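Right, one structure below, let's go through it.
What you see is a predicted model; the values in this text were computed from it and never measured.
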Amino acid sequence: MKAFYHLPGLFEFYEFYKVFLELYRQHREYFYDWCEIGSIYGAPADCIWGGGRVGFGDADPEEVAELMGEYGISARLTFSNSLLREEHLSDKKCNALCRLFEHNGSVKIRNAENGTVKNGTLGNGIIVHSDLLAKYIQKNYPEFYLVSSTTKVLTDFRDLEKELNKDEFRYVVPDFRLNTALDQLRELSQKQKDKVEFLCNECCYYDCYDRKACYENVSRKSLGEDCEDHRCVSPTAKEGYRFSEAMKNPGFIGLEAIRESYMPAGFSQFKIEGRSLGSAIILEFLLYYMTKPEYHLKVREEIYLDSMLDLF
């Protein structure tokens, strides 16, 4: 059985992935053989269908699509705006992105019955919140697979089960606070387990009661609405994201838990957040989750010493 990681920064960290993916291909021995890159997700700046995080990616979409095609990695467009209306569906930029990415993507596919992995056309995906947008994508761009966004804040296990039973979604990302419901998660059918995509490294306040409002604020900003910044209720909000602190979060899923608890229970999909962070911290995620300890320094040197990269 393989673990598939869904990585942040499709447009945001294009230059970083140009270097990292070549290293990953040329020196696969540096990385654990039990994991693969399942997809890379993100959205360009000024993308009104965008959500989750305010997009700042400025990479050329055609170059991004070409890079993902070269390495056979599924690209996911993060179109998780929760406040879309009918008039937003005709947006030229978002529709152009859909046309560009709809037919790209040849990646590794795991057979759920025997665990074998083979090359195949899995296609590209779209992460959605809005039912309106999901229906629009299905009708106009049927080659995409759909991912139910974590911005729906599914914290009730019964709601997660309902979402998993919807045929339109290939994957469902529950709220990170359901990560701890492992006893209930084990009782899911294998078909349902194959659709669960865990958000592993969330640093958000575990007791946050305002998560939906936070995501709605991002959706309003993506639509260009004039609104104040959302005030985070976390007592440590001013400190920003710190991986060391995320590891202390009750909902954190670390490397050991993936290998010893989640994979043996039949789960294979794991999402790494970080679109709004710097490429240096993205590298730390990839070192922690994918890289054998004895090769950490080698990978760091290859990335840090590349003169084309401006890590921050």
Original post:
For the side-chain contact (heavy atoms from CB on, under 4.5 Å) test, which of Leu84, Ile127, Leu97 pairs with Phe79?
Top reply: Leu97
Keeping [X] on the side-chain end and [Y] on the backbone end, is there a donor-acceptor pair under 3.5 Å?
| X | Y | result |
| --- | --- | --- |
| Lys152 | Ser82 | no |
| Lys2 | Cys35 | no |
| Asn201 | Phe252 | no |
| Ser90 | Glu87 | yes |
| Glu143 | Glu102 | no |
| Ser279 | Phe16 | no |

Rounded at 0.5 Å granularity, tell me how far [atom1] in [X] sits from [atom2] in [Y].
| X | Y | atom1 | atom2 | result |
| --- | --- | --- | --- | --- |
| Ile272 | Ile37 | CD1 | CD1 | 11.0 Å |
| Leu178 | Gln184 | CG | CD | 8.0 Å |
| Asp183 | Arg186 | CG | CZ | 5.5 Å |
| Leu23 | Lys298 | CG | NZ | 10.0 Å |
| Leu185 | Leu160 | CG | CG | 7.0 Å |
| Cys200 | Phe270 | SG | CZ | 6.0 Å |

Short N-O contact, [X] and [Y], less than 4.0 angstrom:
| X | Y | answer |
| --- | --- | --- |
| Arg300 | Glu284 | yes |
| Lys248 | Glu245 | yes |
| Asp156 | Arg158 | yes |
| Glu197 | Arg76 | yes |
| Lys191 | Asp194 | no |
| Lys292 | Glu294 | no |

Heavy-atom pair with the smallest gap, counting every atom of [X] and [Y]:
| X | Y | value |
| --- | --- | --- |
| Ser80 | Thr151 | O-OG1, 3.8 Å |
| Ile282 | Gly274 | CD1-O, 3.4 Å |
| Gly42 | Leu10 | N-CB, 3.6 Å |
| Lys193 | Leu188 | CE-O, 3.3 Å |
| Phe13 | Pro8 | CD1-O, 3.8 Å |
| Pro61 | Phe101 | O-CZ, 3.7 Å |

Under 3.5 Å side-chain donor-acceptor pair for [X] and [Y]:
| X | Y | result |
| --- | --- | --- |
| His296 | Thr291 | no |
| Gln269 | Tyr5 | no |
| Ser39 | His6 | yes |

Are any of the side-chain heavy atoms of [X] and [Y] separated by less than 4.5 Å?
| X | Y | result |
| --- | --- | --- |
| Glu12 | Leu277 | no |
| Tyr304 | Val299 | no |
| Thr150 | Pro174 | no |
| Tyr14 | Asp58 | no |
| Lys162 | Asn165 | no |
| Ile40 | Val64 | no |
| Val147 | Arg170 | no |
| Arg177 | Val153 | yes |

Subject >> Lys271 charged N/C atom sitting above Tyr41 aromatic ring, 6.0 Å / 45° >> reply: yes
Subject >> With Asn95 via side chain to side chain contact (heavy atoms under 4.5 Å, CB included) - residues at least two apart >> reply: Trp49, Arg99, Tyr136, Tyr141
Original post:
Of all residues at least two apart in sequence or in a different chain, which pass the side chain to side chain contact (heavy atoms under 4.5 Å, CB included) check with Glu256?
Top reply: Glu260
**OP:** Begin with the C-alpha distance, continue with both residues' side-chain angles, and end with the deciding distance and a verdict on side chain to side chain contact (heavy atoms under 4.5 Å, CB included) for Asn81 and Ile48.
**Re:** CA-CA 8 Å; Asn81 194 306; Ile48 68 168; 5.7 Å; no
Subject >> Qualifying residue for ring-ring contact (aromatic ring centres under 6.0 Å, His included) with Phe31, from Tyr288, Tyr24, Tyr295, Tyr289 >> reply: Tyr24
Original post:
Would the Tyr262 and Phe4 ring centres measure less than 6.0 Å apart?
Top reply: no
Subject >> Ring centres under 6.0 angstrom apart (Phe285, Phe243) >> reply: yes
**OP:** Would you check, one step at a time, whether the test side chain to side chain contact (heavy atoms under 4.5 Å, CB included) holds for Tyr145 with Glu168?
**Re:** CA-CA 8 Å; Tyr145 65 86; Glu168 62 264 37; over 6 Å; no
**OP:** Start with the C-alpha gap between Lys166 and Glu163, add the side-chain angles, then the distance that decides, and say whether salt bridge (Lys or Arg N to Asp or Glu O under 4.0 Å) holds.
**Re:** CA-CA 5 Å; Lys166 294 180 180 178; Glu163 199 77 357; 3.0 Å; yes
Original post:
Parallel, tilted or perpendicular: which describes the rings of Trp34 and Tyr32, with under 30° parallel and over 60° perpendicular?
Top reply: parallel
**OP:** Evaluate the side chain to side chain contact (heavy atoms under 4.5 Å, CB included) criterion for residues Val172 and Leu154: first the C-alpha distance (whole Å), next the side-chain angles of each, then the deciding distance (0.1 Å), finally the verdict.
**Re:** CA-CA 10 Å; Val172 174; Leu154 300 178; 4.1 Å; yes
Original post:
Can you check side chain to side chain contact (heavy atoms under 4.5 Å, CB included) on Ile253 and Phe176, steps first, answer last?
Top reply: CA-CA 9 Å; Ile253 299 179; Phe176 73 103; over 6 Å; no
Original post:
Between Arg25 and Glu70, is a salt bridge (Lys or Arg N to Asp or Glu O under 4.0 Å) present by the stated rule, with each step listed?
Top reply: CA-CA 11 Å; Arg25 178 164 65 182; Glu70 177 184 351; 3.3 Å; yes
